[in-house]
Amino acid sequence: MCTTHKSTHCHDHKHNPSSSCCATPKISTIKAESAVADCCSSVDKPTSSDSCCGSEPGESDPLVVIPQASEKGTLSRSWLISDMDCPSCAAKLKKAILAIPDVVDANVVFATEKLTVRTNDELVFDVVESVARTTGFPLTDINAKNTSGNAAQPFWKKNALLLLLVAFLVIATGINIVNKELGTIAFTVAGLFGLIPIGRKAIRLAKNGSPFSIETLMTVAAIGAVYLGETVEAAMVILLFMLGEQLEGYASAKARSGVKALMDLVPDTALRINSDGTKEEVAASELNVGDRVQVSPGDRLAADAILLSEFASFDESALTGESVPVDKKANDPLMAGSIVNDRVIEIQITSAQGENAIDRILHLIEEAESRKAPLERFLDKFSRWYTPAMMVLSLLVIIIPPLMFGQSWDTWIYRGLAMLLIACPCALVISTPAAITSGLATAAKRGALIKGGAALEELGHIQNIAFDKTGTLTQGKPVLTDIRVLTETETEESILLQSAAVEMGSSHPLARAVVVKAQEQGLTVIEADNRETVVGKGIKGTVNDQHIELYAPQQFDGEVIPEIESQITFLEQQGKTVVLVLINEQISGLLAWRDELRPDAKMAVEKLVKLGIKPIMLTGDNERAAKAIAAELNIDYKAGLLPSDKVKYVEQLTANAKTAMVGDGINDAPAMKTASIGIAMGGGTDVALETADAALTHNRLEELAPMVALSKATLSNIHQNITLALGLKAVFLVTSLFGITGLWVAVLADSGATALVTLNALRLLRFKEKAQ
């Protein structure tokens with residue numbers, strides 16, 4: 001019974017699971033076929049490909065752009081990177097790799113310590129490994145786990161050079177107390193010992209396209225100090241630099257801890273059940289779609305799967321942040337990394353290698369890191385000319401006073417070297433990526449994935465947030481909410497049972513909701529005889545020799561008495577879809593459905609309002625249904641919108657203020673792309689997820705406000721870091737120029753600023769939304 005949008009029930013469909021009254025749109029360019037406008041009700045949201053309706057009633061022709069495949073003919077390979085301590089290391093390695101002939105593209109992801117290279121020549125991969133090794137960042141196979149050697153090494157081995165240098169300096173200090181001349185020699189030897197690895201790295205980096213690295217500046221400064229006879233200071237400069245590098249590496253590792261925790265959620269092995277019933281332990285990488293796996297209590301799932309056992313309880317806290325165990329029943333989907341709580345279970349793998357829930361999150365994090373914030377891009381460009389400019393300035397400080405004013409060469413060489421060290425842009429360069437990495441990791445831990453610094457920065461400025469209704473603010477599937485009995489001869493149970501019998505076997509969401517309700521109440525549903533769709537009106541059939549008909553009120557030709565009309569109006573004003581149940585041609589009952597609000601929708605909207613953000617609902621639903629939902633949430637709304645209308649309205653909002661668009665369907669993708677930032681529900685379509693700049697991976701709307709608050713906190717953290725980095729440099733540049741501070745203070749200022757900036761960024765890992 002295909003009807004209008006006024007709370008009606010669609011029934012132009014065959015009663016078998018594979019049928020549909022609407023052809024499934026083919027995705028190529030993609031242009032979705034026009035939805036059959038009269039085939040959908042206010043809650044007709046498809047839950048599978050056989051559904052009768054589009055994403056929202058009346059929505060039609062969104063043009064969806066599919067991501068382009070990689071260039072034809074190119075080969076791609078990925079590695080894990082070792083010894084990468086900071087984002088500037090990633091930049092150095094990328095620069096070195098891009099300098100290799102025949103490399104088409106290279107992407108270094110600091111958060112996941114991953115390098116991906118595209119080339120037209122397979123032999124180039126060997127050159128890449130060689131260049132990375134000589135640059136100081138050895139590569140290992142992408143399938144190897146925990147290969148970041150530093151994490152597994154004991155403290156003494158990981159810090160061997162630093163400990164040896166400390167020992168040298170202690171010995172040199174003892175010698176210096178006894179004999180000043182021998183002490184000078186000892187400090188010189190200690191300094192040169194510490195300088196050897198720094199100098200080697202500086203030479204390697206210079207050869208691979210990074211001549212103005214901090215290692216270069218340190219080498220020049222240390223050699224200059226030895227030349228001036230400041231051997232103690234030269235040795236201390238090197239010690240402080242090496243100590244700063246270790247602290248920076250530690251801080252950066254902490255910043256990556258959220259991402260590493262995700263990577264470690266998937267176990268290395270799984271117990272596969274073979275076709276003959278035997279079991280064997282296999283590497284998780286060997287699992288294929290369709291494999292059956294046994295999982296014991298306390299173990300994690302090695303891939304996405306469905307539950308084959310009758311039921312079980314799962315701990316998904318590492319993925320969702322929800323501490324309460326989740327109960328699952330047979331055929332329910334399961335996420336990789338979940339822990340089985342209470343029993344031995346069997347599962348069937350549904351994700352291919354590298355495509356499980358955790359892999360998808362990691363992949364999006366990798367994409368995110370390549371999308372830098374505008375502020376970060378500016379600082380990258382700034383640092384490229386800043387370091388050479390400061391080297392020229394230091395040179396001028398060294399030569400102008402002696403040549404033009406007859407000053408001492410030694411004095412001004414010393415001051416020029418101090419300026420050179422203070423001018424190092426490390427703290428400034430790391431100020432933004434350190435904060436963004438921490439912010440992205442914290443968001444991911446909470447189930448909110450933000451695709452890069454640009455999105456994170458944009459999110460912190462939004463003033464409006466537009467919501468799709470069906471599947472975003474609501475659960476996206478109709479629930480039978482009311483059964484009204486209108487005659488004395490029937491009961492709620494009899495009305496439900498007979499209606500379910502007529503609807504049995506239908507693929508329509510409303511029909512399925514009736515059958516599910518009956519089954520939940522323990523009723524045995526049989527299929528009605530002589531079932532027949534009445535085109536444009538409804539459906540009918542015979543149950544126990546009684547003639548049962550289900551019609552939309554607007555399509556019923558008979559008389560409806562005022563008392564029944566008032567009940568229909570009352571239900572429709574609540575945003576519900578209503579159907580008349582006729583038994584032997586007498587109106588005996590009413591059924592009403594509604595797509596219920598998500599449990600956290602009201603709380604999510606209230607939190608956003610308290611942050612000063614104005615929410616609005618955009619929907620293709622009819623006015624009455626939209627008004628009912630909007631009233632519950634106390635927000636503005638626009639009803640009856642086609643996808644093109646949504647785009648126009650979002651354009652209007654965005655023209656006046658930064659606007660976010662939250663959606664889940666193909667129909668929402670154009671509006672999400674039009675908005676300042678698009679946010680997808682994690683359970684939405686792939687197109688929506690690809691289009692969006694951020695995603696709520698666990699479908700929790702209540703994470704929207706914390707995501708915005710985190711973005712604001714990250715922007716504040718970045719501003720603090722930049723102020724700290726530039727402020728310290730400004731102070732010590734002046735003091736060095738006037739000879740108040742020396743080389744070791746210069747190094748301390750640089751390393752200290754870098755450490756402070758990084759530690760400040762790490763505060764975001766402990767971010768908690770302030771009580772509203």
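- A side-chain donor-acceptor contact under 3.5 Å links Thr442 to the backbone of Leu764.
- Distance CD/Glu503 to CG/Leu480: 10.0 Å, rounded to 0.5 Å.
- Atom-to-atom distance recorded for Leu459:CG and Leu715:CG is 9.0 Å, nearest 0.5 angstrom.
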Using the rule given for side-chain contact (heavy atoms from CB on, under 4.5 Å), can you reason through Leu696 versus Ile679, listing the C-alpha separation, both sets of side-chain angles and the distance that settles it, and then say yes or no?
CA-CA 7 Å; Leu696 298 171; Ile679 303 171; 4.3 Å; yes
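- Taken from OG in Ser338 to CG in Asp299, the straight-line distance is 12.5 Å, to the nearest 0.5 Å.
- Ala330 pairs by the side-chain contact (heavy atoms from CB on, under 4.5 Å) definition with nothing, not counting sequence neighbours.
- Side-chain contact between Phe311 and Asp332 is absent, with no heavy-atom pair separated by less than 4.5 Å.
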Salt bridge (Lys or Arg N to Asp or Glu O under 4.0 Å) evaluation trace for Lys648 with Glu651:
CA-CA 5 Å; Lys648 290 175 184 176; Glu651 280 178 348; over 6 Å; no
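- Shown here are the salt bridge (Lys or Arg N to Asp or Glu O under 4.0 Å) partners of Glu632, two or more places apart in sequence or in another chain: Arg594.
- Looking at heavy atoms from C-beta onward, Thr674 lies out of side-chain contact with Met661 at the 4.5 angstrom threshold.
- Heavy atoms only, all atoms of each residue included: Ala657 and Ser676 are closest at O-OG, 4.5 Å.
- Residues Leu633 and Phe467 are not in side-chain contact: their nearest non-hydrogen atoms beyond the backbone lie 4.5 Å or more apart.
- Scanning for side-chain hydrogen bond (donor to acceptor under 3.5 Å, both in side chains) contacts around Arg763 gives Gln720, Asn760, with sequence neighbours left out.
- Side-chain atoms of Asn717 never come within 3.5 Å of backbone atoms of Ala435 as a donor-acceptor pair (strictly under, hydrogens ignored).
- Nearest heavy-atom pair, Ala639 versus Ala626, reported as atom, atom and distance to 0.1 Å: CB-CB, 3.7 Å.
- Within 6.0 Å of CG on Asn634 lie no more than 12 heavy atoms contributed by other residues, nucleotides or ligands.
- Remark: Glu346 pairs with Arg292 by the side-chain hydrogen bond (donor to acceptor under 3.5 Å, both in side chains) rule, at least two apart or across chains.
- In terms of the side-chain contact (heavy atoms from CB on, under 4.5 Å) criterion, residue partners of Ala518 (sequence neighbours excluded) are, by chain and number, Leu496, Ala500, Leu523, Val525.
- Distance alone, capped at 3.5 Å, is enough to place a donor-acceptor pair between the Asp693 side chain and the Gly678 backbone.
- Legend: residues meeting salt bridge (Lys or Arg N to Asp or Glu O under 4.0 Å) with Lys602, ordered by chain and number and at least two apart, are absent.
- Between the side chain of Arg446 and the backbone N or O of Glu703 there is no donor-acceptor pair closer than 3.5 Å.
- Between Val479 and Trp593, every side-chain heavy-atom pair lies at or beyond the 4.5 Å cut-off.
- Between Thr654 atom OG1 and Gln463 atom CD the span is 11.0 Å, to the nearest 0.5 Å.
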Is there a side-chain contact (heavy atoms from CB on, under 4.5 Å) between Met707 and Ile450 once you walk through the steps?
CA-CA 9 Å; Met707 183 162 70; Ile450 304 170; 3.7 Å; yes
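- Annotation: the span from Thr723 atom OG1 to Ile718 atom CD1 amounts to 11.5 Å, rounded to 0.5 Å.
- Residues Arg300 and Val295 approach most closely at O-CG1, 4.2 Å, considering heavy atoms.
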Output, in order, the C-alpha distance, side-chain angles, deciding distance and verdict of side-chain contact (heavy atoms from CB on, under 4.5 Å) for Leu456 and Glu458.
CA-CA 6 Å; Leu456 190 66; Glu458 197 73 24; over 6 Å; no
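- Counted by atom type alone, Ser351 and Asn356 present zero donor-acceptor pairs between their side chains at under 3.5 Å.
- No side-chain donor-acceptor contact under 3.5 Å links Asp595 to the backbone of Pro478.
- For Asp482, the side-chain hydrogen bond (donor to acceptor under 3.5 Å, both in side chains) criterion is met by Lys576, not counting sequence neighbours.
- Minimum interatomic distance between Leu618 and Val650 (heavy atoms only, all atoms of both residues): CD1-CG2, 3.8 Å.
- Scanning all heavy atoms of the two residues, the minimum distance from Gly439 to Leu710 falls at O-CD2, 3.4 Å.
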Given side-chain contact (heavy atoms from CB on, under 4.5 Å), test Glu596 with Thr481 step by step and report yes or no.
CA-CA 9 Å; Glu596 294 293 337; Thr481 57; 3.2 Å; yes
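- Side chains of Phe767 and Lys445 form no contact here, defined as non-hydrogen atoms less than 4.5 Å apart.
- When the shell of 6.0 Å around NZ of Lys712 is examined, it contains more than 12 heavy atoms from other residues, nucleotides or ligands.
- When the options Thr619, Asp468, Ile635, Val662 are evaluated for a side chain to side chain contact (heavy atoms under 4.5 Å, CB included) with Leu473, the one that passes is Ile635.
- Looking at Val708 and Ile613, their side chains come closer than 4.5 Å, going by heavy atoms from C-beta outward.
- Lys517 pairs by the salt bridge (Lys or Arg N to Asp or Glu O under 4.0 Å) definition with nothing, not counting sequence neighbours.
- When each of Ile347, Ile339, Ile349 is paired with Leu301, the side chain to side chain contact (heavy atoms under 4.5 Å, CB included) condition holds for Ile347 and for no other.
- Under the salt bridge (Lys or Arg N to Asp or Glu O under 4.0 Å) criterion, Lys614 pairs with Asp636, sequence neighbours left out.
- Shown here are the side-chain hydrogen bond (donor to acceptor under 3.5 Å, both in side chains) partners of Tyr649, two or more places apart in sequence or in another chain: there are none.
- Atom-to-atom distance recorded for Met681:CE and Asn699:CG is 4.5 Å, nearest 0.5 angstrom.
- Of all heavy-atom pairs between Ile345 and Ala312, the closest is CG2-CB, 3.6 Å.
- Scanning for side-chain contact (heavy atoms from CB on, under 4.5 Å) contacts around Val344 gives Gln294, Ser296, Pro297, with sequence neighbours left out.
- Among residues two or more places apart in sequence or in another chain, the side-chain contact (heavy atoms from CB on, under 4.5 Å) test is passed with Ala631 by none.
- Contact of the Gln348 side chain with the Val289 side chain is not registered, since no non-hydrogen atoms from C-beta on lie closer than 4.5 Å.
- Between Val293 and Leu287 there is a side-chain heavy-atom pair separated by less than 4.5 Å.
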